[in-house]
Structures are given as structure tokens and as C-alpha cells.
Amino acid sequence: MRAADGMTGEQAAAVVAEPAASPGDERDARWRLVDLWIALGFLALAVLVVIQLWIDPNGRVLAGNDDDHGIFLFMLAHAERVIFDGAPLFYEDRFNVPVGVNMMANTSILALALPLAPVTHFLGGGVTVALLITLGLGGTAFAWYWVLSRHLVRSRLAAWIGGVWCGFAPAMVSHANGHVNFVSNYVLPFIVWQVLRLREPGRVWRGGIILGLLIVLQIFINEEALLFAALTLGIFAGSWALMARDEARLVWRRFTAGLGVAALTSGVLAGYPLWYQFFARGNYHGQPFEPTAYVTDLASLGAYARQSLAGLGVVTRRLSVSATEDNTFFGLFGLVMIIVAMVMLWRSVALRATAIAGLALLVMSLGPQLRVLGFNTRIPLPFALVSHVPVIDLVSVTRFAMVPATVAGILLAFAADRIGSYPPERRRRFWIGMTLALVPLFPKPLPVVQGDPMPAFLTEGIWRQYVPEGKTLVTVPLPDVTTGRTGQRWAALNNLDYPTPRGYFMGPANAPFDDTGSWFAPHRYTSELLWSVREYGYLPVLTDADRLRIRGDLGYWRAAVVVLVPDSRNGDLLRSVLVDVLGAPQLVGGVEIWRVNS
């Protein structure tokens, strides 16, 4: 919806108003140039955020979450195998050998990873990660700018404010520390707009099919974000219908019919992949943690994130569950301006419903009990009533706060669009406040660390002489949720050319006895022993029975060769265990290796 020049402020703000007439050709040409510069600006800002990774994308790892950096390298390597080796689309058998991984039950970002498989193949998965995060941040900002400027507000400046907030809010920059899926939100603005357009006459089939296709695309990017969008739009639609009953009576039939067409379209196209996700081998139910374990701290609303210009890590760490979950952190002036925008726009039924939806998801993100300054107050909250509802129990609760972060950007855009009709003094105060809100939130470059360099044993393909078909290469430390810079990263950067056991992925804790979701393969004696040696720095006294169990585990993993990662934590103790069980190693291609007799 574009507000025509003669429309009132209320009409300009109404999200569900009819689209306005197209501008003239001359104005179109001028605005296309503006759009180009805005797109380039968003891209430049995204590059700035990711610049330290771009310097050496295959050698560096995002410091905020090196483990999740590793899991997305794995997702990209799987897609490369699908395109270049004809591997199964929804299952990977070269990881977590001999069980494999259900890729639909993981955030496999197939809609992103498959088109970029040539980049992964020729330039390396690290380049693809850097590219996806950059395009995710800049693309999300421009997608919201496009929808806002084309359909919702008159002012390009207002649309830019909405875009830059939605694309580079602290929540987005925080998730850029390793969550490729959560920064790639450029489909969501178009899903939102297509849902709103279903109220228009003649949109049932065309709009429903378009919406269904967008839903399928989003399923293969990030199902969790799609769930957030569905919940938000449901609360918005219900609130709007209650407050605008007369108009709701006129449109509800075609609106619900359009949703039905969208559900049918997406169900036909995504039905089998979703069946595979929930019922094929490797499926799981629930998370490795209680859904209420990670919640939003109320004090974080007015604080600054660690990656914001005004952020202080010592404060943020008190109020946030991790570097990738700074999901609010609007800053003091940002919070004030969001409240100002809500007050300015409250008379608009559509924007009031938008604010209500954002507030509802914010309350959900607070969890079952209110937490303030890191302390649980034991004040009960509504989320306790729904915390164990299926699907809801798959979500990290604090991530619901990503919705109010986006809603804030939309409200600020509408407020900036409307402020032009206010007296000069109020306009001046508004823009001072907006400046004070945005400048402290300017994102800092993401921190990185150097990953463990791959030895010549891998880079020169020497491993092929030691790993026959059907066998695996076992790195020690074993690929796991805590070894994102080594074993898993090495396997992924080699595009899974050699099979490997275990790893960091989502799967059942101990199928078929326990199908609770887990971040790693079921425990085995050897994996637990080596993990303990690495973590706690002690040398176990092994019995003959222990050595037999270790050899049995190596047989279960189909191991052909064991490779000790150089300079590992407590690497001398890990080496001693391997020598005790497998004898003296060989030094080959810059690493010590042990051949495993099958």
C-alpha cells in the first residue's frame, strides 16, 4: 500500500488499506536510483559487520558462537554433496557414521545452501557462510524497506528507518554470530504483505498460491522464524478483527479462503519434506533443554547489546543467555522512541493490532516467570500455560523477542512517515530522539578467532591412502558440539569427502529408547572418555576391558584411521590414551595418525 499525497495520516498508517495508484514514470526513475543507493548502503553496512570474517573466511571462525559456525559449514557441505555428488536431499550418511543425520530435522537452509553449492565447492564453505550472513543482513533490511516504501509508507526516509532497524537491530546482529538462518529473513516481509492482501477482492487463488509458495521457500530457510511470523499474524488478525468488526465481517470469507489455498499449496509441496522431518529416521521430539531455560530479561529492553556501539559486554552478559541471543537490547532512547511511536499510532486500528501482536510475543519471550537483572522474581507469566504445547516446546523462548524487535522497526517507520504532519517543534524533538535511538545501536564488526589450520594430511588429499570406501576418518577430539573449530569444521571444509563419526547436529538422544532432541550423537564409552580427558585434563588408567571397549567403538564408527588434532587442549593426555590403546603413531602430513585394524 502506498499512501497517496492527499491521504490523511490515519489512512497512510493503516496497514490493511487498499493499494494506492502507481507514481509517474519520471518519479519512478528517480526513486529507482534512490532504491539502488539504499540497497548498496545496506550491503556496505552488512560487509562492515562481517568484515573480520571476510578477511579469511575459510580460516577464521565467528567467536560469538564457533559451534554454530561449524554446524552451518556442515549444512553447506551437505548441499554441495547433493549438487555435485548426487547425495540424498534430506539425509546425510557421511556424518555421524554409521547412523547419519536427518537433514530436514536440522536447520539445513536448503533454499540457500543448494543455489550456493558452487560457491561452497570452488571457494569453500567459509566463503559461503560469510556471503550468506552478509546477504542476510543487507537483504532483510532491503526487503523490509521495499515492502514499506512500495506499500505502506510515503516517505523513503521512513522506509529506510524501518529497513535499517529490521535488518540491523541488535537481535539480527547478535544472531549473525553464527545463526545463518536467523539473519536470512528477507522472505518474511513478503509473506506478511501477501497475508494482508488476502483481504482484497480477487486475491483468493492468486494470493493464496503466492503465499503458499513463499511459505514453502521459508520452510527451507528457517521454520522457526515462520512459526514466529504465523503466531504474530494470527494475533494481529484476531486483534484487528475484534477492533474493526464491521470491516472484518466484509473480508473474513475471502481472507480465510485465501489462507486455505495457501495451506493447500504449501501442504502439497512441503508435505513429504515435513513428513520426513517428523517421522523418518533421525527424527526427534523436544529440545535438549527445557523450553523455559532461556528467557528474555526484562532489563534487557533498555540496555545495549554487546555488538552495538554503546554496548558493554560485562552488562550484556548479565542480561543475555549468549552472544547469539541478544534479542531485545533496544537501548534507552530506542525504547523511548518505540513507546513514542506506539502513542503516535495508537488511533490506527491496524497499527494498534500490530503493537498488540509485538507485545504479546514480547511477553511470551519473558518465559513462565519474570526475570530482571539476571534474577528470577517468581512472578508468574502467561507463557507457563503454553510452554509444553507441541511445536512451542521446540523453540528457545527468548527468540520470541525477535518479533517485537521487528515490530519496533515497522512502528518507527510509520511514526517517521506520520511526523511530517506534526508542528515543527514536535518534528524537531522527534528527529533528535530518533538520532539518539539509532546512533548508539550502530553495529560493531563481529569478533572472530582463528580456526585450527588444516594439515597437509587433509589439504593434499593424503588421507585418501588411509581411508578406503566405507570407512571413516576419526579426528580426536571427536567432532562434537564443543569442537567447532576443529573436527567438524575440517570435515565440512572438505565437503564431507571423508566420512566421519559423531558431530554437532540435532537428532534423537538415544533412539529408539529416547527420542528427545540432542545436540550430538548418543554417548559411547570412547567419546565420553576422550571428552573428559580433554575437558578435565586427567590421564585415565585403562584396563584390558577398557581397551576392548575403545576398539569396539572404533569398529562401530568404521574407523580406518585416527588423527590427533595438533595443539588441542590437553592434547598430550589425549595422545597418551591413543598410544595406550593403538600403539605408537605415524607422523604423516603434519599430523600424528593411528591406523585401525578392522
Side-chain angles (χ1 to χ4, degrees), residues 67-68 70-71 74-75 78 88 90-108 223-224 272-294 387-397 470-472 474-484 487-488 491 496 499-536 540 542-543 545-559 581 596 598:
D67 299 322
D68 281 355
I71 199 172
F74 161 54
M75 304 303 174
H78 166 73
F90 301 138
Y91 180 77
E92 181 53 70
D93 62 0
R94 285 180 174 251
F95 204 64
N96 188 36
V97 177
V99 177
V101 178
N102 183 327
M103 299 305 293
M104 275 304 299
N106 284 262
T107 306
S108 50
E223 292 179 51
E224 201 169 342
Y272 176 72
L274 291 176
W275 174 88
Y276 200 98
Q277 173 178 342
F278 292 106
F279 299 103
R281 57 180 171 173
N283 75 84
Y284 59 89
H285 298 87
Q287 291 277 20
F289 52 86
E290 283 294 314
T292 56
Y294 304 119
S387 61
H388 294 289
V389 172
V391 181
I392 297 293
D393 66 355
L394 294 175
V395 176
S396 180
V397 175
K471 294 292 186 175
T472 68
V474 180
T475 51
V476 174
L478 288 156
D480 209 328
V481 67
T482 59
T483 58
Q488 175 147 334
L496 305 180
T500 189
R502 302 190 64 79
Y504 173 27
F505 60 93
M506 284 296 297
N510 189 21
F513 309 105
D514 182 3
D515 66 353
T516 304
S518 174
W519 285 318
F520 38 75
H523 299 297
R524 298 191 71 85
Y525 174 77
T526 304
S527 61
E528 288 294 284
L529 175 71
L530 293 176
W531 184 86
S532 297
V533 171
R534 174 178 178 265
E535 290 297 312
Y536 303 124
L542 300 178
T543 65
D546 295 332
R547 296 183 187 96
L548 283 174
R549 292 182 70 181
I550 292 173
R551 286 187 171 275
D553 286 340
L554 292 173
Y556 172 78
W557 292 327
R558 302 174 186 170
V581 177
V596 179
S598 54

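Between the side chain of Ser532 and the main chain of Glu528, a donor-acceptor pair closer than 3.5 Å is present. Without hydrogens or angle criteria, Asn283 side chain to Ala280 main chain gives a donor-acceptor distance under 3.5 Å. Judged purely by atom type and a 3.5 angstrom limit, Tyr284 has no side-chain atom pairing as donor or acceptor with the backbone of Met506. Between the side chain of Ser108 and the main chain of Met103, a donor-acceptor pair closer than 3.5 Å is present. Counting only distance, with no hydrogens or angles, the side chain of Arg551 and the backbone of Val581 share a donor-acceptor pair below 3.5 Å.
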Margin query: side chain to side chain contact (heavy atoms under 4.5 Å, CB included), that's the test. Do Tyr294 and Val397 meet it? Break it down for me.
Written below: CA-CA 6 Å; Tyr294 304 119; Val397 175; over 6 Å; no
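Ring-plane geometry between Phe520 and His523 is classed as tilted, the angle between the planes lying from 30 to 60 degrees on a 0 to 90 degree scale. Ring pair Trp531/Tyr536 is perpendicular by interplanar angle, where above 60° counts as perpendicular and below 30° as parallel.
Scanning both residues, Tyr91 and Gly100, for their nearest heavy atoms gives OH-CA, 3.4 Å. Across Ser518 and Pro288, no two heavy atoms sit closer than the pair CA-CG, 3.8 Å. Across all non-hydrogen atoms, the minimal contact from Glu224 to Val395 is OE2-CG1, 3.4 Å. Closest approach of Thr516 to Gln287, counting heavy atoms only: CG2-O, 3.7 Å. Shown here for Pro501 and Pro479, the closest heavy-atom pair between the two residues is O-CG, 3.7 Å. The two atoms that bring Leu529 and Pro540 nearest to each other are CD1-CG, 3.7 Å, heavy atoms only.
Distance check: Arg281 CZ to Tyr276 OH gives 5.0 Å after rounding to the nearest 0.5 Å. Taking CH2 of Trp557 as the reference point, atom CG of Asn96 lies at 10.5 Å (rounded to 0.5 Å). Taking CG of Leu548 as the start and CG of Leu542 as the end, the distance is 11.0 Å to the nearest 0.5 Å. How far CG of Leu478 is from CZ of Arg524: 11.5 Å, rounded to the nearest 0.5 Å. A distance of 7.0 Å separates OG1 in Thr107 from CD1 in Ile71, rounded to the nearest 0.5 Å. Once rounded to the nearest 0.5 Å, the distance linking CZ of Arg549 with OH of Tyr556 reads 14.5 Å.
Between Pro499 and Arg558, the closest side-chain pair of non-hydrogen atoms is not below 4.5 Å.
Only one option out of Asn106, Leu496, Asn102 pairs with Glu92 in a side-chain contact (heavy atoms from CB on, under 4.5 Å); it is Leu496.
Aromatic rings from Phe74 and Phe95 are positioned such that their centres are separated by under 6.0 Å.
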